Number of protein chains: 2
Amino acid sequence: MSEKSRTEAHSRRDKILDAAEALFAERGYDGVTLRQIAALAAVDVALTNYHFGTKKDLFTTVFHRRAAILNKVRDEALTACLNTKVPAMLEDIVEAYLRPLGEIQASADKGWKHYLSLVAWVNNSTEWGREFMTDNFNPFVSKFIDALKTTLPNADEQALYWGYHYMSGALTLTFADTRRLDTLSGGKASSSDITVGYKHMIPFIAAGFRAICDDPDNSNS
Amino acid sequence: MSEKSRTEAHSRRDKILDAAEALFAERGYDGVTLRQIAALAAVDVALTNYHFGTKKDLFTTVFHRRAAILNKVRDEALTACLNTKVPAMLEDIVEAYLRPLGEIQASADKGWKHYLSLVAWVNNSTEWGREFMTDNFNPFVSKFIDALKTTLPNADEQALYWGYHYMSGALTLTFADTRRLDTLSGGKASSSDITVGYKHMIPFIAAGFRAICDDPDNSNS
DNA sequence: GTCTATATGTTGATAGAC
DNA sequence: GTCTATCAACATATAGAC
């Protein structure tokens, strides 16, 4: 195989993945046809089957493509945070969790934006979440919750997990980028103003955790 | 038309709505076929068209069926809260917003549970949310945000709207009832333990609002 | 109101030529 | 690797008998 054809094939393969990522994120698995994906990628429909097998296989490939690198980036941020001060501040841990995602979403990279939007869709789906969220992201989430325990040693564990649930929901809706905050606020806030969205999310979530997880004795510490 | 046939027809009509509600909530609009809806309702496929028109029309009917009553219940709760004390406490306003939903979701009514799950799906979808969330729920949300302004008079409006966004995301993920908290926590918390989910949500969200909307001068008030 | 039968289109998938 | 051609299955929708 020549260098040229190898490169072109790889490029078409990637174009299918990019198109599938964008469309799955926008309309969900069932809302998208292989023909629409092929059209957006500007390749023949049969190529989706040649490169990835079934539609479900294609979805799996799309989801896994960025999951590993996402875990790596976030793991490094959390580890760095935990190494700078012991015990780490609650705000710092929450920031370590959220900031890498905010930077990705605020960046110019369309592909990553689509991927986060896809994660939002998966996270809110009972059946897709069970298959894709648990295996890919639970290990890192557990690490995050362990970190929270070090700074909230007296926390009721049930409250801690529900706090994570609220944060996950807030984050996920931010991923979804619905643009509905614009209409609601009459222009005073914008769903796509990601930098502002993450700037307020960190103190909001940290305060929430403290309110339900902190021991009454040191609630104003 | 006899009483009996009237009742039966109405019953079949309702069975289609109930089935559509349950399936749309579980798999989204495109993930469900009219045949599956008819099968779950135990009626003929052609009846969906006779009673509701197109598939999209059926979805619209399902969504509107409970929207009005939901708005009424929530409006009463918020109004009652605002009338008991002036200015109302932040926690009371958030509770007025959340508690009616918690009571509905914690009740034994399967239909309402499915409906809230459907709202979760719509809220996280850019294209469906634009069409169905804005018209149905924005007026009440604006009333809620106005109430927040009375108790957080110095709040930056942009922060206030983002706070609402975080609350909406947390609430929505709770609607979705993904059952994934169970796996993540190793049984220490359960997504379907709705009473606990709402009990912690109120102080969590209230503290979050205070952290980003309160004037620094009275941040520990 | 309900069902049978069917029109009409689209879907995912693949066999086979190049 | 890529494209043409085609398949069986399934979708929504409706006309017409009862």
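Please read all numbers here as calculations on a predicted model, not as lab measurements. A, B, ... follow the sequence lines: proteins, then strands. Residue 1 opens every chain.
- Listed by first then second residue, pairs satisfying salt bridge (Lys or Arg N to Asp or Glu O under 4.0 Å) with a partner in residues 23-46 of chain A number zero, not counting sequence neighbours.
- The distance between atom CG of A:Leu58 and atom P of C:dT11, rounded to the nearest whole Å, is 15 Å.
- Side-chain contact annotation: A:Asn138 with B:Thr183, donor-acceptor N/O pair under 3.5 Å absent.
- Aromatic ring pairs are classed by plane angle as parallel below 30°, tilted from 30° to 60° and perpendicular above 60°; the pair B:Phe59 and B:Phe24 is perpendicular.
- One finds a side-chain N or O of A:Arg12 lying less than 4.0 angstrom from the OP1 or OP2 phosphate oxygen of D:dC3.
- Classification of the B:Tyr29-B:Trp128 ring pair by plane angle, with boundaries at 30° and 60°, yields tilted.
- Less than 4.0 Å separates DNA chain D from no heavy atom of any residue of residues 14-23 of chain B.
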Go through A:Trp162 and B:Lys199 one step at a time and tell me if the side-chain contact (heavy atoms from CB on, under 4.5 Å) criterion holds.
CA-CA 10 Å; A:Trp162 274 102; B:Lys199 188 188 76 181; over 6 Å; no

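- Note on ring orientation: taking the six-membered ring where Trp is involved, the planes of B:Tyr97 and B:Phe144 are tilted (angle from 30° to 60°).
- Using a 4.5 Å heavy-atom cutoff, the side chains of A:Ile212 and A:Asp156 are not in contact.
- Rounded to whole Å, atom C1' of D:dT14 lies 15 Å from atom NE2 of B:His51.
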Given B:Leu58 and B:Leu34, is the side-chain contact (heavy atoms from CB on, under 4.5 Å) satisfied, shown in steps?
CA-CA 10 Å; B:Leu58 171 58; B:Leu34 291 172; 4.0 Å; yes

Nucleotide by nucleotide, 5' to 3', does protein get under 4.0 Å of the base (B), only the sugar-phosphate (S), or neither (-) in nucleotides 12-18 of chain C, counting heavy atoms?
BBB----

